[in-house]
Undergrad: 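The structure under discussion is supplied below as structure tokens; questions concerning it will follow.
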2 protein chains.
Amino acid sequence: MNIGEAAAASGISAKMLRYYERIGLIGPAQRTESGYRVYGDDDVHTLRFVRRARGLGFSIEETAGLLALWRDKTRASADVKAMALRHMRELEAKITELEAMHRTLKHLAGHCHGDKRPDCPILDDIAGLRLKADA
Amino acid sequence: MNIGEAAAASGISAKMLRYYERIGLIGPAQRTESGYRVYGDDDVHTLRFVRRARGLGFSIEETAGLLALWRDKTRASADVKAMALRHMRELEAKITELEAMHRTLKHLAGHCHGDKRPDCPILDDIAGLRLKADA
DNA sequence: CATAATTCCTCTAGTAACTACAGGTTCAAG
DNA sequence: CTTGAACCTGTAGTTACTAGAGGAATTATG
């Protein structure tokens with residue numbers, strides 16, 4: 001199958017397939033005489049793996065590591081689990097950070113009239129004039 | 001005060017101050033005869049505003065908008081509130097996405113021995129072999 | 001079978017928001 | 001007066017894509 005079909009089958013766009021190949025995340029595809037890339041079912045399988053790993057938030061580098069582990073039939077599951085746990089910690093940290101932002105914003109927005117008047121606790125707070133902590 | 005002092009006073013590094021100036025987020029600083037940037041207390045006030053807005057997750061472009069609103073004493077608080085609410089929705093979407101990743105990973109990691117054995121439900125799942133949904 | 005439309009190819013450059021040099025001034029202290 | 005810290009500019013690298021130019025190959029239609 002050619003790149004367009006592989007893209008449809010894997011859920012990764014043709015442009016991204018070329019990109020992933022260029023940066024070495026996936027190996028160079030077979031080529032027809034005229035230079036068109038050709039993919040097999042096993043390639044699509046790999047591509048789906050990549051897509052899923054990326055969908056779980058693993059970076060390209062981590063995805064490459066996961067791919068290597070996947071191919072290494074003698075790997076220790078501990079290595080995979082360690083990667084997963086590390087990534088989970090990163091996700092937790094990010095979530096905590098975003099939640100803190102959200103909480104602050106919610107508090108501020110709750111005190112802002114949101115009408116034509118110019119006075120606005122949101123701007124006041126960002127500018128350094130802290131809102132009193134109340135209900 | 002020079003750039004190093006302004007950096008210390010605002011919490012934005014000297015490099016980032018130059019960067020912010022270059023991209024136009026903050027106006028060009030005054031200069032000494034020899035070309036050193038000079039900042040005043042009001043500049044530091046602005047810088048702190050920027051830092052706080054960025055800390056709440058607003059993009060540079062949004063921060064520029066917030067800055068304009070802050071300076072416009074005739075703004076409507078509704079405009080500020082709208083920005084805050086829109087950003088909150090983005091944060092919520094991101095948090096939801098990260099939580100879904102985390103949930104999946106937690107489920108998978110919970111089923112992985114994490115020892116020397118190679119069999120690993122995490123890789124199996126990423127590869128497309130779905131784990132049965134159980135407790 | 002000719003032509004038109006589509007798909008493919010490569011390569012460059014742009015995005016966000018920084019960070020890291022390199023190579024050079026200027027300033028403050030000893 | 002010389003060292004060393006802090007300043008200056010400008011370029012390039014980072015992550016993970018996305019968009020577009022310009023051109024070749026393939027597929028569909030008349």
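Side chains included, hydrogens not; waters and symmetry mates left out as well; all remaining heavy atoms used. All values reported here derive from a predicted model rather than from experimental measurement. Letters A, B, ... mirror the listed sequences (proteins, then strands); counts begin at 1.
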Undergrad: Within this structure, what is the CD1-to-P distance between A:I60 and D:dA16, rounded to whole angstrom?
TA: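 Atom CD1 in A:I60 sits about 5 Å away from atom P in D:dA16.
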
Undergrad: Atom CG of B:L17 to atom P of D:dC7: distance rounded to whole Å?
TA: 10 Å

Undergrad: Within a strict 4.5 Å, meaning less than it, do heavy atoms of the B:I3 and B:Y36 side chains meet?
TA: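 No, too far: nothing below the 4.5 Å cut-off.
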
Undergrad: Can you work out whether B:E61 or A:K15 has the more 5'-proximal nearest nucleotide on DNA chain C?
TA: A:K15

Undergrad: So do B:I126 and A:W70 actually touch side chain to side chain, heavy atoms under 4.5 Å?
TA: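 The answer is no, as the side chains (C-beta and beyond) never meet within the 4.5 Å cut-off.
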
Undergrad: Would you check if B:R54 and B:I12 make a side-chain contact, meaning some heavy-atom pair closer than 4.5 Å?
TA: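 With C-beta onward as the side chain, the pair stays apart.
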
Undergrad: Between P on D:dA19 and CZ on A:R22, what's the gap in Å once rounded to a whole number?
TA: 15 Å

Undergrad: In Å and rounded to the nearest 0.5 Å, what is the CG to CG distance from B:D124 to B:D119?
TA: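 CG of B:D119 is found 8.0 Å from CG of B:D124.
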
Undergrad: For the residue pair B:A14 and B:A7, what are the closest heavy atoms and their distance?
TA: N-CB, 3.6 Å

Undergrad: Does A:S59 reach a base, just sugar-phosphate, or nothing at all? Heavy atoms under 4.0 Å.
TA: sugar-phosphate

Undergrad: Among B:L69, B:D79, B:V80, which residue satisfies the side chain to side chain contact (heavy atoms under 4.5 Å, CB included) criterion with A:C120?
TA: B:V80

Undergrad: Tell me which residues in residues 29-57 of chain B lie within less than 4.0 Å of DNA chain C, going by non-hydrogen atoms.
TA: B:S34, B:Y36, B:R54

Undergrad: Between A:F58 (CZ) and D:dA16 (P), how many Å, whole number?
TA: 13 Å

Undergrad: Hey, where on DNA chain C does chain A first and last touch, going 5' to 3'? Cut-off is any atom under 4.0 Å from a heavy atom.
TA: C:dT7 to C:dT10

Undergrad: Can you tell me how far C1' of D:dT18 sits from OH of A:Y20, to the nearest Å?
TA: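 Spelled out: OH on A:Y20 to C1' on D:dT18 is 12 Å.
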
Undergrad: Provide, to the nearest angstrom, the distance between the CZ atom belonging to A:R18 and the C1' atom belonging to D:dA16.
TA: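 Going from A:R18 (CZ) to D:dA16 (C1'), I get 17 Å.
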
Undergrad: Under 3.5 Å, which donor-acceptor pairs do the side chains of residues 93-104 of chain A form with other protein atoms, sequence neighbours left out?
TA:
from, atom 1, to, atom 2, distance (Å)
A:T96, OG1, A:E92, O, 2.8
A:H102, NE2, B:E92, OE2, 2.6
A:T104, OG1, A:A100, O, 3.0

Undergrad: Dump the intermediate steps for side chain to side chain contact (heavy atoms under 4.5 Å, CB included) on A:N2 and A:R37, then the final yes or no.
TA: CA-CA 6 Å; A:N2 63 25; A:R37 284 177 184 79; over 6 Å; no

Undergrad: Are more than 12 heavy atoms from other residues, nucleotides or ligands located less than 6.0 Å from atom CD of B:E5?
TA: yes

